[in-house]
Amino acid sequence: MSVANYETVGQRAAELIAKADRILVVSHIAPDGDAIGSMLALGHILRQLGKTNVTLACDDGVPDKLAFLPGATAVVTSVSGSFDLVIVVDCSDERRGGGVFRAAAVGRPLVINIDHHITNTDFGDVNIVQPDTVATTEILFLLAAAWGVTLDKDTAQCLLTGLVTDTLCFRTANATAGVMRIVTDLMQAGADLSSITSRTVNRRSYDAICYWGRLLQSIDLVDGVVSVRTSSNDHAVNGDASVVTLLITAEEADMAASFVETDDGQVEVSLRAKPGFDVAQIAFKLRGGGHSAAAGCTVDGSLDQVADQVLAMMKRARREQACA
Ligand code: 5GP
Ligand code: MN
């Protein structure tokens, strides 16, 4: 999207923000660096715009490894009362906003939807959805500029965290020169790249590495799709482990998947694709979402039933995409 468009849609968002007294900012369940970075950065930006009544909420709170981010202690996991405006960040649909979004929606507030997932359902009254950005924090960087907000050190640190985590530290195919220019601006504003990488992409718990070991015992590679599955899951470390990010590095694979059975008859599915392949549409068909290179969903059914069904969809999509 061009700068002019950011100004138009950003202007509409700015008008809603200017009129609102009670604002709620929501990010997605099982939050990552972009979800928390976006929520905290927007909190700082709203305060710079003069807003004093801003609540930041996420069902699952701030993961320990992101607790270093400025403002993290202010995040709440439930909300009460009514809001004039809810700003939802990094969520491709309302369900991703979890219980805090559902609770706030009862009072029928206006909703601004700021996101970069290609599968976004445009559920807001104002939708600022930019699939060509690497992270929701990139959109917030551009909006802050359109709103005339000068970035302070804390805001820059939160924004850079989203860029780092969603690009696996600039290793994804969408890490362009334009993105690196934003990184430079954020570092000049005081963001500390080294502290962010050492606390996020360069770090995981010992338990998460042991969990990798158990998951990798089920590794399978068929028709260019590499996968693992487990029913003896460890939810405490599953998000931290993100084994699928390791799987997609297999030279022989174009797509990767992990299947983790939950205790309530569902399977958490994480998908990855090499450049030129797309897993977002597979996740979307299964009521999930994401990006062409990284997507996910939660599917009802037993482990083997869901894994076999999704792998069949992936192999078909891979064949079709290889021919396209
Ligand atoms: P991960 O595999 O790291 O959990 O997620 C990869 C991408 O897919 C992220 O962009 C995440 O937002 C998206 N994603 C993962 N699970 C779901 C889901 O259940 N629903 C939706 N809409 N998106 C998901
Ligand atoms: Mn994101």
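Just follow the structure's listing: the first ligand is 1, and inside any ligand the first atom is 1. Since the model is a prediction, treat every value here as computed from it, not as a measurement.
For ligand 1, the polar-atom distance check against S242 finds no nitrogen or oxygen pair separated by under 3.5 Å. Taking any N or O of R287, backbone or side chain, none lies under 3.5 Å from an N or O belonging to ligand 1. Geometrically, ligand 1 and L271 share no nitrogen or oxygen pair separated by less than 3.5 Å. Considering backbone and side-chain atoms alike, S270 places an N or O below 3.5 Å from some N or O of ligand 1.
For atom 7 (C) of ligand 1, the closest non-hydrogen atom of the protein is A294 O, 3.5 Å. The shortest contact between atom 6 (C) of ligand 1 and any protein heavy atom is with R272 NH1, 3.6 Å. The protein non-hydrogen atom at the shortest distance from atom 22 (N) of ligand 1 is S92 OG, 2.9 Å. Among all protein heavy atoms, the one lying closest to atom 10 (O) of ligand 1 is H117 NE2, 2.9 Å. Nearest to atom 21 (C) of ligand 1 among the protein's heavy atoms is G289 N, 3.2 Å. Of the protein's non-hydrogen atoms, the one nearest atom 15 (C) of ligand 1 is G296 CA, 3.4 Å. Here the heavy atom of the protein found nearest to atom 19 (O) of ligand 1 is C297 CA, 3.4 Å.
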Chi angles and distances behind the salt bridge (Lys or Arg N to Asp or Glu O under 4.0 Å) call for R203, D64: CA-CA 12 Å; R203 182 186 201 129; D64 288 348; over 6 Å; no

Side chain to side chain contact (heavy atoms under 4.5 Å, CB included) between L42 and V89, intermediate numbers included: CA-CA 9 Å; L42 186 54; V89 291; 3.9 Å; yes

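With 3.5 Å as the limit, one finds a donor-acceptor pair spanning the side chains of D264 and T262. Side-chain atoms of S302 and D304 include no donor-acceptor pair closer than 3.5 Å. Side-chain N/O atoms of H291 and D166 include no donor and acceptor closer than 3.5 Å. Side chains of T150 and Q48: a donor-acceptor N/O pair is absent below 3.5 angstrom, by distance only. Neither side chain, N202 nor S198, offers a donor N or O lying under 3.5 Å from an acceptor on the other. Using modelled atom types and a 3.5 Å distance limit, the side chains of N120 and N113 yield a donor-acceptor pair.
Residue side and main chain included, D90 places an N/O/S atom under 2.8 Å of the Mn ion (ligand 2). Taking backbone and side chain together, D32 holds no N, O or S atom under 2.8 Å from the Mn ion (ligand 2).
Geometry at the Mn ion (ligand 2): OD2/D34 and NE2/H116 form an angle of 100°, nearest 10 degrees.
No other N/O/S atom of D166 lies as close to the Mn ion (ligand 2) as OD2 does.
Near G288, meaning under 4.0 Å from one of its heavy atoms, ligand 1 places the atoms 20 (N), 21 (C), 22 (N).
At a threshold of 4.5 Å between non-hydrogen side-chain atoms, the residues V243 and Y211 do not count as touching.
Around atom CZ of R47, more than 12 heavy atoms belonging to other residues, nucleotides or ligands sit under 6.0 Å away.
Remark: of the listed residues D90, I114, L159, I114 is the sole one forming a side-chain contact (heavy atoms from CB on, under 4.5 Å) with I139. Residue L85 is tested with I112, L24, L46 for a side-chain contact (heavy atoms from CB on, under 4.5 Å); the sole match is I112.
Proximity of R96 to ligand 1, defined as any heavy-atom pair under 4.0 Å, is confined to the side chain (atoms from C-beta onward). Residue contacts with ligand 1, taken as heavy atom pairs separated by less than 4.0 Å, involve H291 solely via side-chain atoms from C-beta onward. At a heavy-atom distance under 4.0 Å, only side-chain atoms of D93, from C-beta outward, approach ligand 1.
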